[in-house]
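All chains are named by letter (A, B, ...) in the order of the sequence lines, taking the proteins before the strands, and each is independently numbered beginning at 1. Note that the coordinates shown come from a computational prediction; the quantities given were computed from them, not determined experimentally.
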Amino acid sequence: MEYNFRAIEKKWQTQWKASGAYKVSNQSDKPKCYVLDMFPYPSGAGLHVGHPLGYIASDIYSRYKRLKGFNVLHPMGYDAFGLPAEQYAIEHGVHPAVSTAKNIDTFRKQLDNIGFCYDWDREVRTSEPGYYKWTQWIFLQLFKSFYNRVTQKAESITHLISEFEKKGNAMHECPGDASIKFSSEEWKAYAEKEKQDILMNYRLAFCGYGEVNWCEALGTVLANDEVVNGVSERGGYPVVKKKLRQWYLRITEYADRLLDGLKTIEFSEAMQEMQTNWIGKSFGAEIDFAILSHQSSDLSNHTLTPHDSPLTVYTTRPDTIFGVDFMVVAPEHALIGQITTPAQKQAVEAYITYVKSRSDRERQAEKKISGCFTGAYAVNPFNGKQIPIWISEYVLAGYGTGAIMGVPCGDERDHKFANHFNIPITNIIGTYYNGTDANPTKDALLENSEFLNGIVMRDAIGIVNAKLEEMGIGKKKVNYKMRDAAFSRQRYWGEPFPIQWKKGAAIPLNEKELPLLLPEVDSYSPGPEGEGPLANIPEWVARELETNTMPGYAGSSWYFLRYMDPHNNETFCDRKVSDYWNQVDLYIGGTEHAVGHLLYSRMWTKALCDLGHIGFDEPFRKLLNQGMIQGSSRFVYRVKGTNNFVSHSLFDGNAYKIEDTDPIRVDVNFVDGVELDIAAFKQWRNGEYANAELILDDGKYICGSEVEKMSKSKFNTVNPDDLVEKFGADTFRMYEMFLGPVDQSKPWDTKGIEGVHRFLKKLWRLFFDDLKGKVWNEEKATSEELKVLHRTIRKIEEDTERFSFNTAVSAFMICVNELADLKCNKREVLQSLIIMLTPYAPHISEELWTALGNAGSVLDAAYPVFEAKYVTESSKEYPVSINGKVRTNINIALDASPEQVQEIALANELVQKWIEGKPLKKFIFVKGKMINVVI
RNA sequence: GCCCUGGUGGUGGAAUUGGUAGACACGCAGGACUUAAAAUCCUGUUCGCCGCAACGCGAGUGCGGGUUCAAUUCCCGCCUGGGGCACCA
């Protein structure tokens, strides 16, 4: 009886589906475990071998936990709203819902092929009205809330209104505009429109005018994390700054909690750092400098007179205040018009025009040092020194106050600026400054700094801050790089906002009116004046509904909650249910969502928790990032201007040079390793290369190779369906794990999958012989056989718990090799082995489990229990402890302490007992002294 | 430039974190079975040296130092692949 994986896998997949083997109940006495994959965007390209890597890992872990007695929630769904489907609709006129549904079908078939244990009854699609009803509902909760900085949590806006009525906003500084201040009387006197405008400055989801990343080609606004190097992440189109009415999430209010929360969850160092950098918290001070300028139209008059308002700068290094040699304000800064002297006016205007002409892309690509003097001066409050005020594009309007103090000896950018414009440099750090490079140290003793002379910079920060505060011209200030998240898109294929505009005020729809359905449109093209396609629908506009839609990340910010209670039509997720499932115990996905999805979903969770809808404020307890599987492309080399293709191996000699050829990618699927299947190549692409002359090396055509991203256009994708067809799902699953650590990126290489396939066949032969049929028996296992088994039990448990799936697969191979060597076909051993194998290779395990005559499914078998006695008895390993560690051999340092010597003596005694007089195998000597004993 | 992260045979990778480096697998070489192939099994496979052979000797985890009885593992200085951030004052 042969291992017929095709029949076995088909049989059990059908069987599991029929019996509902993967249905998960929300009620159980078992402890819960929630294992989640980042759900995919169903693109038209389907899955390649890189996608299932994380899915297989999570599937193994889920099945393992189930065997270990947990009630495991392991769902899957689709992030179905998004730009590509809409682009496709614009180009081909196919409704996004249609193309998305088709893509989902393909995904589902591919996923089913691999034998995952998802509970498909819990599938979610973010584009379904039953789902986005609740996305809209959560949006309304955010809209109706504000962040109370006193209690440090989100609270209802009605509470804020009652506060305003009692005390005005003295207790609640306005996060949208700190200059807004009013008393309770003033509040009551405001007209309704004014009140609404003020409240908008507090809401967690709010609408306002702002500089946004506008992408003309995509006809929409993009979030900061969707813009890479000044172009759109999708499509690579140019992005410009534009002032538009937009919806935002006030994520900045959560900056500190998003930072603190990182300490309570297990994210990789790299991930924590990416989020920390993105939030970009910095501690510093805002300092007011008096301004001297003059506004006389007489160009020969250079008399300086004090200006009304001060120049406020933000700095993290107030200790360097005596090293300030110039000020720089952003070109967009409001003061420029007021302080620029007539003599400099023309130059300044020319400079601002130049800056405006430069796109973000140019600004980032070529960082030229540029700037212009305003003619005005700031005054150092401590020594009265006059400091020239410049404008330059290297200072960003959106961060801090949009103005900085330039300290060339301590800041590299300031140093370059000073050098470029020949501004004299004041050295306040003595020998720490070498005259050519700025030194950002905090350890130097200050010089040329009057009352700070001789003080370590680190300590001077506090001294200066105290003094500034005392003088009333400065205060400590915390700044963040993170901005509020742009939350509207001028697109069709997204959730409509449940908002009506009445007399310029945003009115939320009644929750009973949800979902606000996405209407049908005739055209997916943008509407007028930067509005979305919804603005083309007369009925929509007549109802005064918001014409923007929500961005892709709206639906994905909370989907992990919907899986818990996917069919509930009364609430997004019953509180009892979310209390039971609680946090995601293991979340697996790529690093590409580090600052997008993972930050937004953390914020939504915190807000929902604050408002009492769920009981935890971090969604993901542990995050595992799978590595990317790269493609390994193959090339043939056509000699320029000919139809001759040279084997790559011939470039070593002098006959052919690689420079004289054009490398052409060929489909990796007809290259075996690096050897080209010539017949397949000639038939490729309808015989495009049928007449190619191949210059062979020893009868073979050897291709060149290069590792790059896996993509269809590079002909380096490998479809999992093909591998499953050829080797079976179990082999495919185990091979993906065997490739290496899950968190490591590596190029795909199909060579080697045979080894895993051989392992499964070898396992099969422990049960069945091709001729004799079943060979397993009921004999009692020897202690040697039990030793092999129990070593494996321990190893598989350890490795699965620490996500070291590749070494676990190796452990299975070792076990089967050893059992084959021992000719062990005993049920007692084999049965335990296949239970452990179930998470890795579920189909063959189930088949063998049944073959052994067991009732029920192996999915719920009792996991074998490791017993140390089988492993330790008369084995290489023994329970001798030195410094609390069990070792497989003993190491004795001759200069060990008396206690250690005693311990070693004891150890030796134990060793003698264990080996029962057998001679020690090996003594290890170093420099003539015995230090190590192996038995 | 800054911050992570890795560098181990022909290849993917092990080494349970300081204890016999190279597990397991691929590939390769040789052999068995076969008319032949596939499949399967066995032997060898870090490099170098000696030998008929077993045994043996020397070197070896990117490079150079250091700590230790003992270093792939810890420390210092370089070289290098991958990822992230990049005028955030």
Side-chain angles (χ1 to χ4, degrees), chain A residues 2 229 268-282 284 313-317 320 328 363-364 367-369 392-396 398-407 410-414 416-417 440 479-483 591-592 594-595 625 627-628 630 673 707 734-735 738-741 743-756 758-759 761-762 765 770 794-795 798-799 802 804 806-817 820 882-883 885-896 921-922 924-934:
Chain A
E2 272 185 22
N229 291 329
S268 68
E269 292 275 327
M271 184 62 60
Q272 289 195 36
E273 200 183 287
M274 277 187 243
Q275 295 214 343
T276 306
N277 282 346
W278 185 260
I279 295 167
K281 185 177 189 175
S282 74
V313 303
Y314 174 72
T315 178
T316 55
R317 298 296 302 274
T320 60
V328 187
R363 258 169 104 149
Q364 284 173 21
K367 281 170 196 157
K368 286 198 287 194
I369 300 169
S392 172
E393 63 177 350
Y394 87 88
V395 171
L396 306 176
Y399 182 77
T401 61
I404 61 144
M405 55 186 220
V407 183
D411 184 284
E412 200 192 326
R413 295 153 303 179
D414 296 346
K416 283 189 182 142
F417 191 81
N479 256 318
Y480 302 90
K481 281 197 230 174
M482 186 170 65
R483 301 293 133 80
T591 49
E592 66 271 18
V595 293
N625 293 116
M628 215 184 26
Q630 293 135 312
V707 172
M734 291 193 88
Y735 183 58
F738 186 65
L739 271 178
D743 53 355
Q744 203 172 296
S745 290
K746 57 234 153 190
W748 176 263
D749 180 10
T750 304
K751 285 236 170 212
I753 193 168
E754 307 248 7
V756 175
R758 261 176 224 146
F759 153 75
K761 286 199 277 192
K762 202 164 180 177
R765 284 199 302 274
D770 287 0
R794 187 176 57 177
K795 179 78 175 149
E798 264 176 22
D799 287 352
R802 67 188 174 110
S804 178
N806 57 329
T807 53
V809 173
S810 295
F812 281 121
M813 290 176 173
I814 294 168
C815 181
V816 165
N817 285 346
I882 295 176
N883 300 333
K885 278 183 179 172
V886 176
R887 294 182 183 276
T888 50
N889 50 28
I890 299 173
N891 307 282
I892 301 165
L894 288 189
D895 59 349
K921 262 192 199 160
K922 197 168 176 183
I924 295 176
F925 291 86
V926 171
K927 292 179 188 167
K929 292 172 181 175
M930 188 195 72
I931 58 148
N932 201 343
V933 189
V934 179

TODO: Rounded to the nearest angstrom, tell me the gap between atom CE in A/M813 and atom P in B/rA25.
DONE: 6 Å
- [ ] First locate atom OG1 of A/T316, then atom OH of A/Y314, and finally report the distance between them rounded to the nearest 0.5 Å.
- [x] 6.0 Å
Open item on the list: Please classify the nucleic acid contact of A/S745 as base, sugar-phosphate, or nothing, using heavy-atom distances under 4.0 Å.
Closed with: nothing
Open item on the list: Tell me if B/rG9 is syn or anti. Syn = glycosidic torsion within 90° of 0, anti otherwise.
Closed with: syn
Task: Value in whole Å for how far the C1' atom of B/rA25 lies from CZ of A/F738 - done: 4 Å
Open item on the list: Checking understanding here: a glycosidic angle within 90° of 0 is syn, the rest anti, so what is B/rU17?
Closed with: syn
Task: Sugar-phosphate, base or nothing in reach of A/N817, heavy atoms under 4.0 Å - done: sugar-phosphate
- [ ] Compare side-chain N and O positions of A/N806 against OP1 and OP2 of B/rA14 and report whether any pair is under 4.0 Å apart.
- [x] yes
TODO: Determine: side-chain N/O of A/Y399 to OP1/OP2 of B/rA89, distance under 4.0 Å, yes or no.
DONE: yes
TODO: Would you indicate, yes or no, if B/rA89 has its OP1 or OP2 atom less than 4.0 angstrom from a side-chain nitrogen or oxygen of A/S282?
DONE: yes
Open item on the list: Check this one for me: any side-chain N or O of A/N625 less than 4.0 Å away from OP1 or OP2 of B/rG83?
Closed with: no
Task: Pair A/T807-A/D799, side-chain donor/acceptor within less than 3.5 Å - done: yes
Task: Below 4.0 Å: OP1/OP2 of B/rU40 and any side-chain N or O of A/K761 - done: yes
Task: Expected output: side-chain A/K746 to main-chain A/Q744 donor-acceptor under 3.5 Å - done: yes
Open item on the list: From CE of A/M734 over to C1' of B/rC24, roughly how many Å is that when rounded to an integer?
Closed with: 12 Å
Open item on the list: For A/F417 and A/Y394, take the angle between the two ring planes, folded into 0 to 90°, and tell me which bin it lands in: parallel under 30, tilted 30 to 60, perpendicular over 60.
Closed with: tilted
- [ ] Give the rounded distance in Å between these two atoms: CD1 of A/I404 and C1' of B/rA89.
- [x] 5 Å
- [ ] Can you tell me the distance, in whole Å, between the CZ atom of A/R794 and the C1' atom of B/rU16?
- [x] 8 Å
- [ ] Select base, sugar-phosphate, or nothing to describe what A/V395 touches, counting heavy atoms under 4.0 Å on all strands.
- [x] base
- [ ] Using whole Å, report how far CD of A/E273 lies from C1' of B/rG83.
- [x] 11 Å
Task: A/M482 vs A/W278 side-chain heavy atoms within contact, under 4.5 Å - done: yes
Task: Separation of B/rC42 C1' from A/R758 CZ (nearest whole Å) - done: 14 Å
Open item on the list: Under 3.5 Å for both donor-acceptor distances, Watson-Crick or wobble: does B/rG58 have a partner, and if so which one?
Closed with: B/rC47
Open item on the list: Less than 4.0 angstrom between a side-chain N/O of A/Q744 and OP1 or OP2 of B/rG13, yes or no?
Closed with: yes
TODO: Report the distance from atom CG of A/L739 to atom C1' of B/rU11, rounded to the nearest whole Å.
DONE: 12 Å
